[in-house]
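This report refers to the structure that appears directly beneath it.
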Amino acid sequence: MKPLRIGLAGLGTVGIGVIRLLRENADLITARAGRPIEVVAITARDRTRDRGTDLSAMRWHDSATAVAQDPEIDVAVELIGGSEGSAHDMVRTALERGLPVVTANKALVALHGDSLSRLSAEKNAPLLFEAAVAGGIPAIKLVREGLAADRLLSVGGILNGTCNYILTEMRATGRDFTDVLTEAQAKGYAEAEPSTDVDGWDTAHKLAILAGLAFRPIAFKTLSVQGIRDITATDLKFADELGYRIKLLGMARQAENGSVAAWVRPCLVPAKAPIAAVDGVFNAVSTQGVFSGPMTISGRGAGEGPTASAVVADLIDLARGTAIPVWGTTSVSPAADCASLADLNSAFYLRLNVQDRPGVMAELTSVLRDHDVSVHFVSQHDAATGCADLTIITHQVPEKAIHAAATALAVLPVVTGKPLVLKIEDPLA
């Protein structure tokens with residue numbers, strides 16, 4: 001049996017994990033793929049570094065592009081990361097050659113999936129990216145293959161393990177964001193420069209891919225993105241008391257006119273919802289289909305083992321001769337702007353720190369009334385001397401109404417600090 005020969009760029013945690021997995025499970029993988037799969041060509045930033053595994057039998061190249069140009073490989077595997085530069089150059093070079101590509105690069109697919117899908121179709125070169133979303137969870141296969149016969153109404157979930165770990169620890173220990181972030185960095189759950197994770201961009205990249213598979217490609221720059229820096233341990237405590245958990249969600253839904261509403265933000269999720277129980281570094285992907293109904297799958301969303309497993313699963317598909325269009329269909333519309341969220345209705349959580357004196361509630365409710373925000377529930381909690389925290393749960397109101405009301409509340413003399421507005425969301429509702 002002729003091996004499927006792999007050219008691999010990027011020898012970080014995942015790249016070495018792929019090589020180790022192919023070696024340690026060689027017999028199993030050969031049986032499932034119908035032929036051996038071997039890495040024969042590699043490149044990395046530092047050729048001399050000891051990576052704890054024998055790479056001597058592989059051809060070294062000076063660049064990722066050179067790997068893609070190697071005439072003796074059958075598949076290019078890109079594990080460098082980043083939406084531009086050598087990662088983008090390698091993938092385009094390989095596709096131009098008509099060479100299949102496997103990548104774990106969510107930023108690349110989210111930002112350039114539109115053009116890469118056209119090149120993939122033109123050159124009849126498959127582009128597979130199971131590892132780009134939720135690590136070892138088969139999220140791409142679920143949406144693109146498992147639910148191929150159904151019309152999906154929504155897709156999304158908890159797509160970043162770093163944020164989920166931080167929120168879980170804040171809730172469990174009562175510590176603040178900065179303290180738990182530092183711990184997450186020490187444990188290797190968060191990067192030294194964590195903004196891509198905690199500001200929601202990693203989740204946004206993954207959501208853009210899921211939305212493209214479920215509905216149509218979206219213009220990434222129009223996606224509404226909010227991270228978790230403003231969430232306090234107090235908010236997590238209040239949410240618990242109200243019967244909710246706070247999770248960073250990325251969600252996309254398609255309207256009847258074909259437009260896609262998509263957003264990333266921390267939300268209050270009902271404690272009884274399946275996704276509310278997904279804690280720590282775990283991810284979860286939820287779908288809602290006309291025929292398939294509600295579905296949630298969860299597991300480890302990152303790390304050497306899960307991500308390498310997803311990369312090799314794509315290689316097994318290629319070895320079997322599987323070739324699926326990038327977005328799962330041969331007729332793909334160009335990337336479109338996300339729909340405006342201004343008129344979408346939802347219930348909201350509003351947290352205010354106010355002066356603790358008579359007449360405050362009258363001032364607050366007057367502002368809410370003027371902006372047509374109907375209050376469902378109010379709870380008061382002691383705060384610093386002379387102040388109180390108020391949590392308000394609204395009835396269903398348009399986004400533009402609650403944000404206009406929050407802006408007006410922020411300038412009241414009785415309100416101290418910036419009000420926090422969180423959407424109340426059940427991904428399977």
Is [X] atom [atom1] crowded by more than 12 heavy atoms from other residues, nucleotides or ligands, each under 6.0 Å away?
X    : atom1 : result
R216 : CZ    : yes
N124 : CG    : no
R23  : CZ    : yes
R357 : CZ    : yes
E191 : CD    : no

Does the side chain of [Y] come within less than 4.5 Å of [X]'s, by heavy atoms?
X    : Y    : result
E145 : I324 : yes
L213 : L152 : no
L116 : V326 : no
I231 : P266 : yes
S117 : L127 : no
D343 : K400 : yes
E425 : L249 : yes
Y244 : Y349 : no

Going from CZ on R245 to CG on L268, what distance comes out if it is rounded to the nearest 0.5 angstrom?
->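 The distance works out to 10.5 Å.
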Short N-O contact, R265 and E399, less than 4.0 angstrom |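 Yes, R265 and E399 are salt-bridged.
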Does a side-chain N-to-carboxylate-O contact under 4.0 Å join R320 and D317?
->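 Salt bridge flag = yes for D317 with R320.
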Please work out whether the ring planes of H403 and F348 are parallel, tilted or perpendicular, with thresholds of 30° and 60°.
->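 Rings of H403 and F348: perpendicular, over 60°.
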Test log, rule salt bridge (charged side-chain N to carboxylate O under 4.0 Å, His left out), inputs E130 and K206 | CA-CA 11 Å; E130 181 63 57; K206 297 168 184 175; over 6 Å; no
Single hit among L409, T391, I393 for side chain to side chain contact (heavy atoms under 4.5 Å, CB included) with L350 |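 Passing option: L409.
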For R118 and S115, test the side chains for any donor-to-acceptor distance below 3.5 angstrom and give the result as yes or no.
->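 Checked: R118/S115 side chains show no N/O donor-acceptor pair below 3.5 Å.
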How about Y165 and D279: does a side-chain donor come under 3.5 Å of a side-chain acceptor?
->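 No, D279 and Y165 have no side-chain donor paired with an acceptor closer than 3.5 Å.
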Please determine if R144 forms a cation-pi arrangement with F129, meaning its NZ or CZ atom is less than 6.0 Å from the six-membered ring centre and no more than 45° off the ring axis.
->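 Verdict for F129: a cation-pi partner in R144.
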